[in-house]
Amino acid sequence: MVKSGFVRFVFMVFVLGTLAAQDQQGAEKSHPVVLKYLGTAGWEITDGTTSILIDPYLSRINGPAPPGGGSGHSLAGDTRRVYGWGDVASPDVAAIDSHIQRADCILVTHTHYDHILDVPHIALKTGAIVIGTESTENVMRAYGVPEGRLITVRGGEDYEFGSFSLKVIPSIHSPLDHKHYFSSAIAPAGMKAPLTLEQIHPEGGTLAYLIRFHGHQILAFGGMNYIEREIVGLEPDVALIGAGASRKEIYDYSGRLMRDLRYPALVLPTHWDNFLAPYGASQQPALDALQSFLQEIAAASPKTKVIVPKYFEAIPLETPAK
Ligand SMILES: [Zn+2]
Ligand SMILES: [Zn+2]
């Protein structure tokens with residue numbers, strides 16, 4: 001009696017264990033995580049149910065160049081309207097609506113127009129929550145994004161959202177203009193839309209995000225810098241790494257990143273394209289410049305796969321081994 005009870009117990013543990021394992025495999029298979037590059041520092045990460053956007057910027061206006069060139073310069077012969085700092089920040093609603101149908105959560109790394117210009121429209125249209133600095137949230141407030149959908153962070157938070165969790169990583173801005181870029185400005189509270197480009201461009205501090213989603217850990221940077229002590233010990237399998245030219249101002253940028261992150265399986269370069277050029281324009285000069293980044297990663301982490309993303313092309317992640 002005791003023996004058969006024990007056998008039955010072992011059998012049940014075995015069956016339940018097998019079922020749980022199959023369930024988990026089934027769950028992973030039915031929810032492959034897919035990334036899409038939106039250009040600039042913009043990404044969509046989705047499992048088909050939950051959609052997370054990072055710095056979604058689809059307007060790609062012919063706007064002011066960042067200090068020292070950054071990763072944007074106007075194309076010769078561009079006949080589109082030229083925007084100055086004093087012009088009203090007008091998103092290209094048609095471009096946004098043709099590519100973004102839904103979003104549950106929008107992560108913003110910092111309040112510069114190539115990261116935030118489209119966020120109010122996307123937030124209002126989709127009902128997504130917007131996670132970002134006080135500066136970012138003040139811009140959202142100016143456009144009437146409801147307070148209940150704003151989650152203000154400063155870096156250090158680690159939040160559970162049910163289908164994913166999110167660690168907010170304190171970070172720093174790209175060292176534009178040969179390290180002379182510096183801004184402690186934040187977009188103030190109390191502004192009312194419409195805002196000018198200048199009003200949506202005070203950096204407000206910079207963040208990075210670690211997204212845990214279906215067994216993946218996806219680390220997303222919005223530019224070409226990091227605080228080393230804040231990333232040591234993270235072990236993302238996917239890293240979206242700023243690959244614009246200003247990274248060359250930083251000591252051993254790719255080497256330290258790869259070692260600190262324990263050699264991620266997949267690296268996706270971000271913020272490497274010329275965001276002042278429309279989607280249809282050639283990015284060949286930016287692609288040529290990107291080659292040195294690919295070499296840096298290959299040298300620092302030979303086993304890491306690097307995919308140079310094409311706009312809006314689905315990048316499905318493999319099921320995590322762990
Ligand atoms: Zn910036
Ligand atoms: Zn930027």
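Remember, it's 1-based here, ligands and their atoms both numbered in the order they're listed.
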Protein N/O/S atoms under 2.8 Å of the Zn ion (ligand 1)? His110 NE2, His112 ND1, His173 NE2
Do we get Arg212 above Phe164's six-membered ring, with its NZ or CZ under 6.0 Å from the centre and within 45° of the axis? no
So, is the end of the Arg256 side chain (NZ or CZ) under 6.0 Å from the ring centre of Tyr253 and within 45° of the ring's axis? no
Could you go through residues 264-271 and list every donor-acceptor pair under 3.5 Å that involves a side-chain atom there, pairing it with any protein atom two or more places apart or in another chain?
{"residue": "Thr270", "atom": "OG1", "partner": "Trp43", "partner atom": "NE1", "Å": "2.9"}
{"residue": "His271", "atom": "ND1", "partner": "Ser71", "partner atom": "OG", "Å": "3.0"}
{"residue": "His271", "atom": "NE2", "partner": "Asp114", "partner atom": "OD2", "Å": "3.0"}
{"residue": "His271", "atom": "NE2", "partner": "His115", "partner atom": "NE2", "Å": "3.3"}

For residues Tyr113 and Glu198, is any side-chain donor paired with an opposing acceptor at under 3.5 Å? no
Holding to salt bridge (charged side-chain N to carboxylate O under 4.0 Å, His left out), I want the full list of residues that pass it with Glu134, two or more places apart in sequence or in another chain. none
Going by atom type alone, with no hydrogens or angles, which donor-acceptor pairs under 3.5 Å involve a side-chain atom of residues 119-131 and a protein atom two or more places apart or on another chain?
{"residue": "His121", "atom": "NE2", "partner": "Asp97", "partner atom": "OD1", "Å": "3.0"}
{"residue": "Lys125", "atom": "NZ", "partner": "Asp97", "partner atom": "OD1", "Å": "2.9"}
{"residue": "Lys125", "atom": "NZ", "partner": "Ile100", "partner atom": "O", "Å": "2.6"}
{"residue": "Thr126", "atom": "OG1", "partner": "Ile122", "partner atom": "O", "Å": "2.7"}
{"residue": "Thr126", "atom": "OG1", "partner": "Ala128", "partner atom": "N", "Å": "3.2"}

